Colleague: 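Supplied in structure tokens, the structure appears directly below.
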Amino acid sequence: MTGTERLLSRRTTLGTALTPLDPELRRPRTGVAIVACMDARLGVETMFGLRPGDAHVIRNAGGCVTGDTLHSLQLSQTRGGTREVLLVHHEDCAALSDPATDLHVCMARLRKSEGLPHTDVMRGFIYTRSGALRELRP
């Protein structure tokens, strides 16, 4: 059995726990978009106690702010109604040799972006090996 087949078989055991798409929740309840690393060890939803409809979560290698990330954030803000951005990098990252420095670069890139209507509420964190969140200020 492949990994995909194992994941699909898990769905059958979920039954009523499956969450249908609620058209009322296209705009996240919190107004927050989270940009985080795609590392499977980061349980972003668990980390922030998210439920379906709480936040937009954008993940890529390193949680870096790329052109695709900027486009996703622009859609999140203009169509999804988010007004805040939360960035999460982490220690022991395979994509970044210096997550703290990259986090500062990403925050600066977001602040300078002309395509984002809302850059005033933005916070950046490093998720540590111990599971703590350490905030980095610009």
Side-chain angles (χ1 to χ4, degrees):
M1 182 182 281
T2 68
T4 300
E5 289 168 338
R6 281 192 295 280
L7 292 175
L8 290 171
S9 72
R10 288 184 193 174
R11 284 185 53 83
T12 61
T13 62
L14 292 174
T16 59
L18 295 174
T19 306
L21 292 176
D22 183 344
E24 300 298 316
L25 295 177
R26 286 184 82 182
R27 294 174 156 266
R29 281 186 283 265
T30 62
V32 176
I34 300 169
V35 178
C37 184
M38 66 184 195
D39 191 313
R41 298 172 296 170
L42 294 182
V44 175
E45 287 80 3
T46 303
M47 185 186 304
F48 295 107
L50 298 178
R51 296 168 300 160
D54 280 348
H56 285 162
V57 179
I58 302 161
R59 296 180 73 151
N60 64 21
C64 300
V65 175
T66 64
D68 285 341
T69 307
L70 286 170
H71 180 69
S72 294
L73 285 171
Q74 182 180 27
L75 288 172
S76 175
Q77 291 185 353
T78 58
R79 293 190 180 176
T82 61
R83 299 183 63 89
E84 300 178 32
V85 179
L86 194 154
L87 297 164
V88 182
H89 283 30
H90 66 96
E91 293 179 343
D92 192 34
C93 184
L96 301 170
S97 58
D98 186 354
T101 297
D102 189 75
L103 184 58
H104 284 295
V105 168
C106 288
M107 290 172 66
R109 187 173 296 143
L110 287 175
R111 283 197 169 78
K112 291 178 190 173
S113 175
E114 294 179 16
L116 295 180
H118 307 288
T119 59
D120 50 321
V121 181
M122 181 184 326
R123 295 176 71 178
F125 295 86
I126 299 289
Y127 187 76
T128 68
R129 286 180 185 88
S130 67
L133 280 175
R134 180 171 41 97
E135 186 165 12
L136 294 186
R137 304 278 182 182

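Quantities reported herein were computed from a predicted structural model and do not represent experimental measurements.
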Colleague: Any chain of hydrophobic side-chain contacts (each under 4.5 Å) joining I126 to M122?
Modeller: yes
Colleague: Could you pull out the closest heavy-atom pair between H89 and D102, with the gap in Å?
Modeller: NE2-OD2, 2.8 Å
Colleague: To check you understand the geometry: which heavy-atom pair defines the closest contact between G62 and L96, and what is its length?
Modeller: O-CD1, 3.5 Å
Colleague: For P117, does its backbone N or O pair with a side-chain atom of R83 as donor and acceptor, under 3.5 Å?
Modeller: no
Colleague: Are V88 and V85 connected in the hydrophobic side-chain network, where two residues link if heavy atoms are under 4.5 Å apart?
Modeller: no
Colleague: Does a sphere of radius 6.0 Å around CG in D68 hold more than 12 heavy atoms from other residues, nucleotides or ligands, not counting ones at 6.0 Å or beyond?
Modeller: no
Colleague: State the CD-OG1 distance between Q77 and T82, to the nearest 0.5 angstrom.
Modeller: 4.5 Å
Colleague: Kindly compute the distance separating CG (L73) from OG1 (T78), expressed to the nearest 0.5 Å.
Modeller: 10.5 Å
Colleague: Nearest heavy-atom pair of G63 and V35: which atoms, and what distance?
Modeller: O-CG1, 3.5 Å
Colleague: Are side-chain N/O atoms of T4 and T2 paired as donor and acceptor at under 3.5 Å?
Modeller: no
Colleague: With the 4.5 Å side-chain cut-off for hydrophobic clustering, are L110 and I34 part of the same group?
Modeller: no
Colleague: So, taking the atom named CG in L103 and the one named CG in L87, what distance separates them when rounded to the nearest 0.5 Å?
Modeller: 6.0 Å
Colleague: Under 3.5 Å, is there a donor-acceptor pair between the side chain of R59 and the main chain of D39?
Modeller: yes
Colleague: Applying a strict under-4.5 Å side-chain criterion to I, L, V, M, F, W and Y, I'd like to know whether Y127 and V44 cluster together.
Modeller: yes
Colleague: Are any side-chain N or O atoms of E84 and backbone N or O atoms of V121, one a donor and one an acceptor, separated by less than 3.5 Å?
Modeller: no
Colleague: Rounded to the nearest 0.5 Å, what's the gap from OG1 on T66 to CZ on R109? Could you check?
Modeller: 8.0 Å
Colleague: Going by atom types only, do T69 and S72 share a side-chain donor-acceptor pair under 3.5 Å?
Modeller: no
Colleague: From R111 CZ over to D120 CG, what is the distance, rounded to the nearest 0.5 angstrom?
Modeller: 9.0 Å
Colleague: Within a strict 4.5 Å, meaning less than it, do heavy atoms of the R10 and L7 side chains meet?
Modeller: yes
Colleague: Donor-acceptor check, side chain of T30 to backbone of D54, threshold 3.5 angstrom: yes or no?
Modeller: yes
Colleague: Do F48 and V32 touch side chain to side chain, with heavy atoms closer than 4.5 Å?
Modeller: no
Colleague: Which heavy atom in L116 sits nearest to a heavy atom in Q74, and how many Å separate them?
Modeller: CD2-N, 3.5 Å
Colleague: Below 3.5 Å, can you tabulate the donor-acceptor pairs from side chains in residues 131-138 to any protein atom, sequence neighbours excluded?
Modeller:
from, atom 1, to, atom 2, distance (Å)
E135, OE1, R123, NH2, 2.7
E135, OE2, R123, NE, 2.7
E135, OE2, R123, NH2, 3.3

Colleague: Closest heavy-atom contact between C37 and A61?
Modeller: SG-C, 4.4 Å
Colleague: How close do H56 and S76 get, counting heavy atoms only, and between which atoms?
Modeller: ND1-OG, 2.7 Å
Colleague: Roughly how far, to the nearest 0.5 Å, is CD of E114 from OG1 of T119?
Modeller: 11.0 Å
